[in-house]
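Each chain gets a letter, A, B and so on, in the order the sequences are listed, and its residues count up from 1. Given the structure is predicted, the values throughout are model-derived calculations rather than measurements.
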Number of protein chains: 2
Amino acid sequence: MLRLSKLTDYAVVVLVRLAGMEGVQTSPGIAAATGIPEPTVAKVLKTLAAGDLVSSQRGAKGGYRLNRDLAAIPVSDVIAAVDGPIALTACVDGSASECESQGLCPMRGRWDPVNDAIQSALSRITLADMQVALLPAFRTPVAQVPFQSAAE
Amino acid sequence: MLRLSKLTDYAVVVLVRLAGMEGVQTSPGIAAATGIPEPTVAKVLKTLAAGDLVSSQRGAKGGYRLNRDLAAIPVSDVIAAVDGPIALTACVDGSASECESQGLCPMRGRWDPVNDAIQSALSRITLADMQVALLPAFRTPVAQVPFQSAAE
DNA sequence: GTTATCCGGACTACCACAGTCCTGATTGTT
DNA sequence: AACAATCAGGACTGTGGTAGTCCGGATAAC
């Protein structure tokens, strides 16, 4: 299923929100704006800060600020920051230390072309691309909106 | 991390092995040849049979046979057969039933372009491509095993 | 000094996957 | 006809990672 962590999705939402405002924004503020629970938002932001996607400012009146423009952030960067390096299988690159029986370990550099293809595909899609898909559905008041099955 | 299930990797190994022989092959035989535990091989083969990638023949002298050539099997098909439909997030396609608050569900059709890009990339890589990366490493130890089923 | 905020962990509950096993159904062989 | 070999389709359990929360400490504005 190629599962992608929910945190990564949250990260995209948070980053887009971060891009929409001027100054720094606080975790609680973003949480309120996005509907994502505050502790989770905080966790995501900390992760993104560690990945150099956002900058943080401590203390009162502190908050987070986007480092680059949305168009300069490929999805692969977000995934790498939140979920770690993009790799389909356990032992792909450097972690080829203990692959059971070294000789016939089924996993080899075999998935490398696949990894590369995915990495390449994800590098070409930026958050700006995802933002446009987000806009029509977003911005709608949380209230009302019985069932706006927009996507698809 | 875009984790891919181990079963999918096993599936590739099994399929490549299946392509290397002429007649039908049994689960125990493939298990011995690949080093993958027998029950796991059986499970993978059953899954692959359900996905129409291999055909099965019951009874004594039964076994499995590859349906298409390796070059005609894109990786995406294997992943879809083993891990289910390729989708990065939980609610992408039909499962848009209960996305928490319907109004501001962060996940939308937003990841669709990403999904499409990955799907497209995976469709262009076939098992034949992965086989070449496998060959040099394979063929080594554990050979010797005379798993030659009785008559052949 | 007080307050608001980020930092960096530790921590728990849960769910999907990995792997095994069991009971049938099918088919060739004796 | 009985037997043996094989696949079919489950159920089942242990483990690992993810999701989500929370706490004490550091930093900076007022």
Side-chain angles (χ1 to χ4, degrees), chain A residues 1-11 13-14 18 23-32 34-65 79 82-84 87-90 100 106-107, chain B residues 1-11 13-14 18 23-32 34-65 79 82-84 87-90 95 100 106-107 147 149-152:
Chain A
M1 221 234 279
L2 275 184
R3 283 247 339 252
L4 187 60
S5 79
K6 249 191 226 176
L7 276 305
T8 306
D9 189 76
Y10 291 156
V13 176
V14 166
L18 218 42
V24 299
Q25 294 178 72
T26 67
S27 290
I30 297 178
T34 58
I36 305 171
E38 296 186 32
T40 302
V41 171
K43 186 180 198 174
V44 168
L45 281 170
K46 279 184 274 190
T47 306
L48 292 176
D52 268 329
L53 287 174
V54 302
S55 296
S56 63
Q57 184 175 346
R58 283 187 165 191
K61 296 286 180 184
Y64 291 93
R65 187 169 30 82
I79 296 177
V82 178
D83 287 344
L88 288 179
T89 52
E100 316 191 358
M107 346 220 174
Chain B
M1 221 233 280
L2 275 185
R3 283 240 346 245
L4 188 59
S5 78
K6 251 191 222 174
L7 276 305
T8 306
D9 189 75
Y10 291 157
V13 176
V14 166
L18 218 41
V24 299
Q25 294 178 72
T26 68
S27 289
I30 297 179
T34 58
I36 305 171
E38 297 186 31
T40 302
V41 171
K43 186 180 197 175
V44 169
L45 282 170
K46 278 183 274 190
T47 306
L48 292 176
D52 270 330
L53 287 174
V54 303
S55 296
S56 63
Q57 183 175 348
R58 282 187 164 190
K61 295 286 179 183
Y64 290 93
R65 186 168 30 81
I79 296 176
V82 178
D83 286 344
L88 289 178
T89 52
S95 61
E100 315 194 358
M107 347 223 174
F147 68 99
S149 46
E152 185 77 30

Near DNA chain D, which residues from residues 48-56 of chain A have a heavy atom under 4.0 Å away?
none
Rounded distance in Å - CD1 (Ile36(B)) to C1' (dA18(C))
13 Å
Write down the distance between NZ (Lys43(B)) and P (dG10(D)), rounded to a whole number of angstrom.
13 Å
Quick one: Asp83(A) CG to dG17(D) C1', roughly how many Å, whole number?
11 Å
Nucleotide by nucleotide, nucleotides 25-30 of chain D touches protein heavy atoms under 4.0 Å in the pattern (B base, S sugar-phosphate only, - none) -BBBS-
Val54(B): which of Leu18(B), Val44(B), Thr47(B) passes side-chain contact (heavy atoms from CB on, under 4.5 Å)
Leu18(B)
Whole-Å distance, Asp9(A) CG to dT18(D) P, equals 16 Å
How long is the straight-line distance from CD1 of Ile79(A) back to CG of Asp9(A), given to the nearest 0.5 Å?
10.5 Å
Could you state the interatomic distance from OG (Ser56(A)) to CG (Leu48(A)), rounded to the nearest 0.5 Å?
11.5 Å
Using a 4.0 Å heavy-atom cut-off across all strands, classify Leu7(B) as base, sugar-phosphate, or nothing.
sugar-phosphate
Quickly, which of Val13(A), Thr26(A), Ile36(A) forms a side-chain contact (heavy atoms from CB on, under 4.5 Å) with Val41(A)? Name it, please.
Ile36(A)
Scanning both residues in full, the closest heavy-atom pair of Ala31(B) with Pro37(B) reads CB-C, 4.2 Å
Length of the CG-P vector between Leu45(B) and dG19(C), whole Å
15 Å
May I have the distance from Ile30(B) (atom CD1) to dT6(D) (atom C1'), rounded to whole angstrom?
12 Å
Quick check on dC6(C): is either OP1 or OP2 less than 4.0 Å from any side-chain nitrogen or oxygen of Ser27(A)?
yes
Return the value, rounded to whole Å, for the distance between atom CZ of Arg65(A) and atom P of dT5(C).
17 Å
Short side-chain N/O contact from Tyr10(B) to OP1 or OP2 of dG19(C), under 4.0 Å:
yes
Which whole-number value in Å describes the distance from Leu4(B) CG to dG17(D) P?
16 Å
On a heavy-atom basis, the closest approach of Val24(B) and Lys61(B) is CG2-O, 3.8 Å
Residues passing the side chain to side chain contact (heavy atoms under 4.5 Å, CB included) test with Arg58(B), sequence neighbours excluded, are none
Against the side chain of Tyr64(A), the closest entry in dT21(D), dC7(C), dC7(D) is dC7(C)
In terms of side-chain heavy atoms of Thr40(A), which of dC7(D), dT20(C), dT21(D) is nearest?
dT21(D)
Contact summary for Ala42(B) and Ser27(B), nearest pair of heavy atoms:
CA-OG, 3.8 Å
